[in-house]
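Here the structure comes first, spelled out in structure tokens, and everything after it is commentary.
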Amino acid sequence: MTLGMIWTIILRFAIQDISVDEMTAKDGLLLWCQRKTAPYKNVNVQNFHTNWKDGLAFCALIHRHRPDLLDYSKLSKANPLANLNLAFDIAEKYLDIPRMLDAEEIVATDRPDERSIITYVSSYYHYFAHAREAESAANRVSKALAGRQGNDDLENEYDRLASDLLGWIQRTTPWLENRVTDNTLPGARKKLDEFRTYRTQHKPPRVGQKGQLETAFNTLQTKLRLNNRPPYMPKEGRMVSDIANAWKNLDNAERGFEDWLLSEMMRLERLDRLAQKFKRKADIHEEWSKGKDELLSRNDYRNATLSEVKALKRKHGAFESDLAVHQERVEQLAAIAEELNKLGYHDSPAINSRCQRICSSWDRLGVLTTQRRQGIDEVEKILERVDTLHLDFAKRVTPFNNWLDGAREDLVDMFIVHSIEATQGLINDHEQFKSTLIEADKEYRLLVGIFQEVQRFAQQHNIPGALENPYSSSSAQEITNKWNEVRQLVPRRDQALQQEMMRQQQNERIRRTFAEKANVVGPWIEKQLDIVSSIGMGVHKSLEEALKKLIACRTAVEAFRPHIDELEQYRQAEQEAIILENKYTKYSMETLRVGWEQLLTSINRNINEVENQILTRDSKGITSEQLNEFRLSFNHFDKNRSGRLTPEEFKACLLSLGHNVRNDKQGESQFLKIMSSVDPNMSGYVKFDSFLDYLTRQAAGTDSADSLIESFRVLAQDRPFITPEDLRRELPPDQAEYCIRKMQPYRLPGAPPNALDYASFAGTLYQF
């Protein structure tokens with residue numbers, strides 16, 4: 001009777017509260033033993049007597065929960081006594097379970113006492129059940145802390161990347177906005193080389209860094225939403241929108257920089273050629289005007305004979321004609337100097353100084369010419385003799401000499417053309433000039449004939465000084481030399497024009513080569529953008545399928561990169577040839593670069609969004625059909641296929657899905673709260689991942705802060721505080737130290753000095 005009462009007490013307090021799958025205490029305990037020992041060899045628990053005689057069942061229970069206490073693989077069914085003693089000793093020493101059974105008695109008995117074994121096994125059940133509860137609580141705390149630590153690392157990484165990228169943009173943008181050169185052609189070429197280095201070496205890694213930054217930010221926000229954490233708010237000035245605005249400013253500063261620089265180079269090249277033209281014309285004029293002051297200042301006509309005076313008068317008239325012709329050259333020099341000043345030529349002071357000297361000298365020549373003409377007119381009344389032959393020569397030689405000077409100047413004049421048509425125009429003009437050489441040759445032979453006739457007349461009549469022409473300073477030998485020079489310059493001009501035509505033809509080939517490649521690359525990029533957009537905005541059988549397609553697109557794009565590099569080489573050839581326009585294609589290198597960057601960014605952004613949707617689906621248990629339904633609803637209201645909804649479109653979408661958003665002040669207030677949760681950065685639109693997260697959170701409605709507090713309470717053994725020793729015992733070392741640093745001290749009476757407040761700590765993890 002006494003033993004029966006003892007069994008009843010044991011059954012009431014130790015066994016009756018055991019419940020497994022709604023079975024009785026005994027059956028539930030048996031089922032628990034069967035489940036825990038099922039994987040172990042030579043163990044088949046069907047009762048609480050004979051199946052426990054070999055001791056392997058006890059060892060299996062211990063090894064299942066504490067594999068560090070024994071090596072089950074070394075046990076043998078043939079050593080029941082050793083197995084039982086091993087299990088009882090370990091349970092007593094490490095698990096605080098008293099040794100209730102005698103190993104020798106169990107081995108010697110054919111059927112051990114069932115109630116004794118049930119009582120002893122129930123001690124195992126209760127011990128391991130409490131340990132499992134503590135382990136579960138520790139796992140929940142570890143999971144929460146691991147998420148918080150990981151998020152801290154992601155926030156630090158985002159802040160580092162944002163600071164680095166913004167610093168680079170802030171340093172680079174002013175350089176691109178500075179549209180000033182040192183006003184020299186070598187300086188402009190150096191700046192173009194620096195821009196090429198920036199475009200091909202410095203910017204491409206920053207484009208990848210920008211995409212990496214956006215991916216890190218989106219992944220962080222997704223993890224925070226999935227763990228019911230508040231959204232991450234970067235430091236002021238480092239928001240994604242701030243980086244996007246800074247990047248946009250960089251693109252705006254870059255846009256047109258290359259064209260401006262090439263135009264500046266053309267301007268400087270034109271200035272150099274104008275300066276050379278000014279120098280050449282100034283040299284010719286100064287050579288012509290050398291000694292003219294002295295000649296005009298002489299009074300030789302006062303002591304001359306009539307014939308000499310007449311000759312001096314006619315010579316002076318010829319000079320005045322020549323002076324009038326040179327007036328145009330002086331005006332040209334002044335016009336070139338004025339144009340150089342307007343265009344900001346770097347050596348304008350020297351040009352102005354020389355032009356001023358020439359103009360001053362020209363004014364003096366005009367004054368001296370007038371004075372000499374007046375002096376000759378005074379003595380003309382008494383001196384009169386005309387040498388018809390010399391006069392005829394002088395009249396003809398002056399215009400012909402000027403024509404020769406102009407022809408020589410035109411034949412050596414530099415030309416600036418940018419097309420085959422313009423070059424052909426110069427060739428046509430040159431051919432027209434060559435057609436005038438026949439008449440010029442007749443005029444040359446006529447002048448030489450006049451001079452030869454003078455020679456014959458002087459020899460025939462023995463006239464002293466007859467070979468000196470008083471009406472002209474030009475001699476037949478001088479005209480002969482100039483005429484021969486013109487005839488030599490004509491074929492040189494032909495050769496120069498043909499070389500320029502070859503250069504323009506080469507430029508035309510460069511234009512066609514670039515256009516052929518651009519007309520392939522441009523449509524390919526546009527097609528890929530459409531494919532990526534259709535994948536990102538479309539409905540799929542599975543998100544994995546969409547991710548696979550996007551990754552395939554990214555692989556195809558990376559494989560296509562050599563075509564972009566090839567186009568860059570063609571563009572460099574255009575730049576070196578200073579080719580600004582290309583009529584064979586609508587695509588410029590600038591538009592292709594922008595399209596290429598947009599394609600890379602679109603692929604990475606869509607891959608990141610699909611990965612976040614997979615993470616949301618797996619975390620929230622959403623089916624593919626639900627995701628497709630959400631996507632169809634989202635796409636229906638996304639009229640312009642931008643991948644985002646305005647607040648009005650988002651509200652209409654919620655109404656279409658059955659959400660009750662009232663059209664009054666209370667409903668407006670409720671909708672503003674919803675917008676603050678789906679658009680924490682106040683960008684003014686709602687992306688699909690935020691839309692999906694809101695719908696899944698509405699369906700789940702969990703409160704993880706209370707769950708985390710309950711887990712800490714288990715670790716603290718029902719106390720309202722926890723100690724560092726509890727944390728170090730139950731959590732991994734790094735997470736325990738993290739909690740100790742972050743938790744506030746627990747100040748209420750009765751708590752030890754090192755007590756920590758886990759409730760407020762859990763609240764900060766989930767505070768919005």
Side-chain angles (χ1 to χ4, degrees), residues 9-20 25 28-29 32-33 35-36 61-69 89-100 119-149 227-229 702-767:
I9 294 171
I10 294 174
L11 182 64
R12 173 68 178 83
F13 292 99
I15 301 175
Q16 188 174 3
D17 62 341
I18 298 175
S19 177
V20 179
L29 184 61
W32 178 78
C33 294
R35 289 179 176 175
K36 296 300 182 181
L61 285 176
I62 294 174
H63 186 267
R64 181 63 181 269
H65 295 88
R66 292 291 301 275
D68 58 312
L69 297 180
D89 292 340
I90 290 175
E92 183 178 23
K93 182 177 180 181
Y94 296 100
L95 307 180
D96 295 329
I97 299 175
R99 191 184 184 100
M100 301 179 185
T119 302
Y120 187 67
V121 172
S122 68
S123 300
Y124 282 63
Y125 175 87
H126 286 296
Y127 178 84
F128 290 130
H130 176 73
R132 184 170 64 255
E133 181 183 6
E135 180 183 359
S136 177
N139 288 337
R140 289 195 298 270
V141 173
S142 297
K143 182 179 179 180
L145 294 177
R148 178 57 182 265
Q149 289 176 308
N227 292 314
N228 288 335
R229 301 298 199 278
T702 58
D703 185 6
S704 297
D706 293 339
S707 176
L708 185 61
I709 292 173
E710 180 61 22
S711 298
F712 273 119
R713 185 190 62 78
V714 173
L715 296 182
Q717 301 176 1
D718 291 331
R719 294 176 298 180
F721 59 84
I722 195 168
T723 65
E725 291 75 18
D726 295 333
L727 294 172
R728 293 189 177 104
R729 181 179 66 249
E730 301 295 346
L731 300 178
D734 61 329
Q735 294 182 349
E737 297 304 323
Y738 181 81
C739 288
I740 293 171
R741 291 196 311 271
K742 296 294 185 178
M743 285 185 181
Q744 298 295 324
Y746 186 82
R747 302 296 188 184
L748 294 181
N754 59 349
L756 299 173
D757 187 358
Y758 59 78
S760 63
F761 173 74
T764 60
L765 293 182
Y766 294 90
Q767 182 179 2

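Side chains included, hydrogens not; waters and symmetry mates left out as well; all remaining heavy atoms used.
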Can you find a pair of side-chain heavy atoms, one from P720 and one from L748, that are under 4.5 Å apart?
no
Test of understanding: with ring pair (Phe, Tyr, Trp, His ring centres under 6.0 Å), list the residues that count as partners of Y746, not counting sequence neighbours.
F721
Rounding to 0.5 Å, atoms CD1 (I740) and CD (E725) come to a distance of 8.0 Å
Partner residues of R99 under the side-chain hydrogen bond (donor to acceptor under 3.5 Å, both in side chains) criterion, sequence neighbours left out:
N85, D89
Distance in Å, L95 CG paired with L61 CG, rounded so as to fall on 0.5 Å steps:
10.5 Å
Determine whether L756 and C739 make a side-chain contact, defined as any pair of heavy atoms from C-beta on separated by less than 4.5 Å.
no
With the side chain counted from C-beta on, respond yes when Y124 and I62 share a heavy-atom pair under 4.5 Å apart, and no when they do not.
yes
Check side-chain hydrogen bond (donor to acceptor under 3.5 Å, both in side chains) between E737 and all other residues, then give those that pass, not counting sequence neighbours.
R728
Identify the two heavy atoms, one from A762 and one from I709, that lie closest to each other, and give their separation to 0.1 Å.
CB-CG1, 3.5 Å
Nearest heavy-atom approach of R729 to Q717 is NH2-NE2, 3.9 Å
Looking at every non-hydrogen atom in both residues, tell me the closest pair between P724 and N754 and how far apart they are.
CD-O, 3.2 Å
On the 0 to 90° scale, with breaks at 30° and 60°, tag the Y738-F761 ring pair as parallel, tilted or perpendicular.
perpendicular
Any side-chain heavy-atom pair of I90 and R66 under 4.5 Å:
no
For F712 and L727, which heavy atoms make the closest approach, and how far apart are they?
CE2-CD2, 4.1 Å
Do you know the tightest heavy-atom contact between Y127 and I97?
CB-CD1, 4.3 Å
With sequence neighbours left out, what residues match S123 under side-chain hydrogen bond (donor to acceptor under 3.5 Å, both in side chains)?
none
Please name all residues satisfying side-chain hydrogen bond (donor to acceptor under 3.5 Å, both in side chains) with D96, sequence neighbours left out, ordered by chain then number.
none
With sequence neighbours excluded, what pairs up with R719 under the salt bridge (Lys or Arg N to Asp or Glu O under 4.0 Å) test?
D726
